[in-house]
Amino acid sequence: MSFNIAVAGLHAAHKRMEVAGNNIANVHTSGFKSSRAEFAALYSSAALGGSRYASGDGVRVANVSQNFAQGGAISSQGRVLDMQIQGQGFFVMSDGGALSYTRSGAFHMDKENFVVDAQGSRLQGYGVNTEGELVSGVRSDLKIDTANVAPQATSKMEQTVNLDAATASLAAVPRFNPDDSRTYTRMVSRTIQDAGVPEVKEVLGVDAAGNSIVVTPAKAAVPPQDHELKQYFVKLDDNTWTSYILIDGINPLDPSNRSPLEVGLHTQPNGALSLTGTSAAIEKTSNTELALRDWRPAIKVNGGWVPSDAANAGPISIPLSDASGSLLSPTDAVIPRPVPTFNPNDLTTYSKMFTSTVFDSLGNGHPMTQYFVKDGSNSWKMHVLVDGLNPQDPSRTDPVTASMLFDSRGNLQSLVGGAGLSGANQTLTLTGWVPAKPLEGGRPGSSWGSNGASANGDGIVIDMSKLSQYRAATALTSPVVDGHAPGEIRAISIDRTGVISAGFSNGLNRKIGQVMLASFANDQGLQPITGTRWKETHESGVALYDGPATGSLGSIAGQSLEGSNVDLSQELVELIQAQTAYQANSKTLSTEAELMQTL
């Protein structure tokens, strides 16, 4: 029996060295899990039980268990399809339909663009549908679609825009022009007279030689002359006016100046009148009358106006009423405040502009510029140009326009479109866009015409539901335009949930698929096979599949590999111990042989 015990010990020591040697051999194998030889003592037994004095029958290998602890990370040298599982789970591989499981994430693309390992087995996961959405629950071979992305014409724009409520309205009182009746509310005219020039009698004198001379020549009297005084009134609001005064079409105080004398008038509910302005020449004599002082009468000489020799006749009374009633009539309409004619090259004709790129059917990008014009307290207009031109007719430069009105809380209250820019349900739809390009080789000043592409058939829907007017800076945030140019694949990335995405030259990123992971009730029940892989067994339980970072499954680290979890120093100790045990069992065997020879 001693021979059998010694041989069993030799087998056990050899097995221990075999397992340790295999661990050491795979110290640099990606995803390798170390093993440990486990042993059990042997004892003889009889039908009625064993003796408590039994010495034992040696040892046997009870199990070779696996250590599924996480291995360290290995640098992947930038290989985009390298993956490491951080936590529990196994990659799922298919070899012609036969499934196996691995922790080694060293993958690459084969000639058919499938993601495979070194043995050619295909990585399993979830694919995407035609909309680019993951199809969870349907296992498939993961494949990198390297096809170019076709261009897509823009069909929708989403914007979050705030228009500053403090922005000054561009609607302004027109500049006064006495020759343009649109610039004033009413005008009254009357004739006034100067004081004339008195007669001058001749004055004689004697010079140094005693001769008689005329010191002051005689001049005949000039009678008072008629002059035309015109007073213009501009009604700014219900109680505020601006009055302009001209005499003979020139400034009453300076004949060389054609600008009118200006004074502000404000009436109180009780009828009281107050004046504003910097001219001391106009003063209030009553609530219904003004007075003009220091008038300088003028005469026209050689087509120009010069001061005359006549004096004024004193302060000129300027009544604020006539036979029809008060000249500050409450029934007069407030003067219209027109907005300057829009000109994209004139910053004073719009309040703010934003530019987004829209795409035609061939993938050409075109700048679409939105010009916002504040034309009232809570009202705005939006002018739209594409390529700086009318969207429907590239031979024109006039914009398409929509109007917006906000309520007292800054929310969009109404949205009214115009020709080519229809409005409904807080959206604007730009229809009839003709994608254009410069003709005649694009030379400066050349005309524009169709580039041969088309726009989206249903137009471009501009979502205005996130448009507001608050007391905050005017800004455009998070614009989303769904069209794009054609694109070639430029990069592949993998996120922590195992989603594989492709980046294209046009800036798009699309999901290609998602890696799936498997988990088992009993990892120790898995059967290791060649290729650093395992097979499912009855002892392991059936595989459960899900995406990474779900439940107890680990996440994915891209461009990284999980290294072997072999502890080299521990394995060297195992070798020494196994060698010592082997030598000791050999000694037992040789000693038994010597004893037999002695007998």
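Computed from a prediction, not measured in an experiment: that's the story for all the values here. Every heavy atom of this structure was used, including side-chain atoms; hydrogens, water molecules and symmetry mates were not.
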Participant: To the closest 0.5 Å, what do you measure between CD (Q524) and CG (N63)?
Facilitator: 7.5 Å
Participant: I'd like to know if the side chain of S94 reaches the main chain of R122, judged simply by a donor and an acceptor atom lying under 3.5 Å from each other, with no hydrogens or angles considered.
Facilitator: no
Participant: Would Q84 and S560 count as having a side-chain donor-acceptor pair, cut-off 3.5 Å?
Facilitator: yes
Participant: Checking side chain to side chain contact (heavy atoms under 4.5 Å, CB included) for the pair V19/R36: CA distance, chi angles, key distance, verdict?
Facilitator: CA-CA 7 Å; V19 172; R36 179 182 67 186; 5.5 Å; no
Participant: So which heavy atom on S450 is nearest to which on V434, and how close?
Facilitator: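 Shortest heavy-atom separation between S450 and V434 comes out as CB-CG1, 4.0 Å.
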Participant: If you count every heavy atom of other residues, nucleotides or ligands that lies below 6.0 Å from R496 atom CZ, does the total exceed 12?
Facilitator: no
Participant: Taking the side chain from D360 and the backbone from A453, do they hold a donor-acceptor pair closer than 3.5 Å?
Facilitator: no
Participant: Hey, are D145 and N113 close enough side-chain-wise for a donor-acceptor pair under 3.5 Å?
Facilitator: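 No donor-acceptor contact under 3.5 Å links the two side chains.
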Participant: Looking only at non-hydrogen atoms, find the nearest pair between M404 and K381 and report the distance.
Facilitator: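 Nearest pair, atom of M404 first, then K381: CE-C, 3.8 Å.
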Participant: Does the side chain of S540 pick up a donor-acceptor pair with the side chain of N522 at under 3.5 Å?
Facilitator: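 Not at all, the side chains of S540 and N522 share no donor-acceptor pair under 3.5 Å.
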Participant: In the structure I gave you, are the side-chain heavy atoms of Q159 and L476 within less than 4.5 Å of one another anywhere?
Facilitator: yes
Participant: So among F107, Y101, W534, which one has a ring pair (Phe, Tyr, Trp, His ring centres under 6.0 Å) with F91?
Facilitator: F107
Participant: Within the supplied structure, the quantity of interest is the number of heavy atoms (other residues, nucleotides, ligands) at a distance under 6.0 Å from N425 CG; does it exceed 12?
Facilitator: no
Participant: Once you round to the nearest 0.5 Å, how far does OG of S356 lie from CD1 of I460?
Facilitator: 10.5 Å
Participant: Verify whether one side chain among D546 and Y126 offers a donor that lies under 3.5 Å from an acceptor in the other.
Facilitator: no
Participant: Could you check whether any side-chain N or O of N565 sits under 3.5 Å from a backbone N or O of S34, counting only pairs where one atom can act as donor and the other as acceptor?
Facilitator: yes
Participant: Kindly indicate whether the side chain of E488, heavy atoms from C-beta on, has any atom under 4.5 Å from the side chain of F504.
Facilitator: no
Participant: Side chains of S564 and N26: any donor to acceptor distance under 3.5 Å?
Facilitator: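 Distance-only check fails for N26 and S564.
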Participant: Is any side-chain N of the basic residue among K143 and E112 closer than 4.0 Å to the acidic one's carboxylate O?
Facilitator: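 Here K143 does not pair with E112 in a salt bridge, since their nearest N and O are not under 4.0 Å apart.
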Participant: I'd like to know whether E131 forms a salt bridge (Lys or Arg N to Asp or Glu O under 4.0 Å) with R510, so could you lay out the CA-CA distance, the side-chain angles of the two residues, the decisive distance to 0.1 Å, and finally the verdict.
Facilitator: CA-CA 10 Å; E131 301 298 323; R510 287 190 170 178; over 6 Å; no
Participant: Taking atom types as modelled, is there a side-chain donor on T355 or T369 under 3.5 Å from an acceptor on the other?
Facilitator: yes
Participant: Could you give the distance from OG1 (T477) to CZ (F354), rounded to the nearest 0.5 Å?
Facilitator: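 It is 9.0 Å, given to the nearest 0.5 Å.
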Participant: Counting only heavy atoms from other residues, nucleotides and ligands, does the tally under 6.0 Å from CD of Q426 exceed 12?
Facilitator: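 Counting other residues, nucleotides and ligands, CD of Q426 exceeds 12 neighbours.
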Participant: Tell me every residue that passes side chain to side chain donor-acceptor pair (under 3.5 Å) with Q70, counting only those two or more places apart in sequence or in another chain.
Facilitator: R103
Participant: Can a side-chain donor-acceptor contact be found between S361 and S454 if the only test is distance below 3.5 angstrom?
Facilitator: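 The answer is yes; a qualifying pair exists.
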Participant: Can you see whether F68 has K33 sitting over its ring - NZ or CZ less than 6.0 Å from the centre and within 45° of the normal?
Facilitator: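 Output no; distance or angle outside limits.
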Participant: For Q527 and T537, work out which heavy atoms get closest and say how close.
Facilitator: CB-CG2, 3.7 Å
Participant: Answer yes if the ring centres of Y371 and Y350 are under 6.0 angstrom apart, and no otherwise.
Facilitator: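 Centroid separation for Y371 and Y350: below 6.0 Å.
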Participant: Might you point out which heavy atoms bring T427 and V461 nearest each other, and give the distance in Å?
Facilitator: CB-CG1, 4.0 Å
Participant: Any side-chain donor-acceptor pair under 3.5 Å between Q559 and R79?
Facilitator: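 The answer is no; no qualifying pair exists.
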Participant: Can you see whether S65 engages N67 through a side-chain donor-acceptor pair at a distance of less than 3.5 angstrom?
Facilitator: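 Their side chains do not contain a donor-acceptor pair, so the 3.5 Å distance test is not met.
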Participant: Report the distance from atom CG of L553 to atom CZ of F90, rounding to the nearest 0.5 Å.
Facilitator: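 If we round to the nearest 0.5 Å, L553:CG and F90:CZ are 10.5 Å apart.
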Participant: Judged by atom type as modelled, is there a donor-acceptor pair below 3.5 Å linking the side chain of T580 to the main-chain atoms of I576?
Facilitator: yes
Participant: Below 4.5 Å, heavy atoms only, C-beta onward: do T429 and L421 meet side chain to side chain?
Facilitator: no
Participant: What is the minimum heavy-atom distance between M109 and I144, and which atoms define it?
Facilitator: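 In terms of heavy atoms, the two residues are closest at SD-CB, 3.3 Å.
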Participant: Nearest 0.5 Å, please: how far is CD1 in I556 from CG in D495?
Facilitator: 9.5 Å
Participant: Distance only, no hydrogens: is a donor on one side chain within 3.5 Å (strictly under) of an acceptor on the other, for Q469 and N162?
Facilitator: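 No pair is found: no donor N or O on one side chain lies under 3.5 Å from an acceptor on the other.
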Participant: Do H108 and V115 come within less than 4.5 Å of each other through their side chains, counting heavy atoms only?
Facilitator: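 Result no, sub-4.5 Å side-chain heavy-atom pair not found.
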Participant: Tell me the closest heavy-atom pair linking K374 and S351, and the distance in Å.
Facilitator: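 Closest heavy-atom pair between K374 and S351: N-OG, 3.1 Å.
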Participant: Within the structure provided, determine whether L362 and P151 are in side-chain contact (heavy-atom separation under 4.5 Å).
Facilitator: no
Participant: So do the side chains of H366 and L389 get within less than 4.5 Å of each other, counting heavy atoms only?
Facilitator: no
Participant: Are the side chain of N23 and the backbone of S35 linked by a donor-acceptor contact shorter than 3.5 Å?
Facilitator: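 A pair under 3.5 Å: yes.
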Participant: Going through the distances and angles, do R471 and D164 end up as a salt bridge (Lys or Arg N to Asp or Glu O under 4.0 Å)?
Facilitator: CA-CA 5 Å; R471 180 59 183 93; D164 192 349; 3.4 Å; yes
Participant: Within a strict 4.5 Å, meaning less than it, do heavy atoms of the M368 and V384 side chains meet?
Facilitator: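 M368 reaches V384 side chain to side chain.
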Participant: Is there a side-chain contact between M157 and D463, using heavy atoms and a 4.5 Å cut-off?
Facilitator: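 M157 vs D463: side chains apart.
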Participant: Is there a donor-acceptor contact under 3.5 Å linking the side chains of R533 and S100?
Facilitator: yes
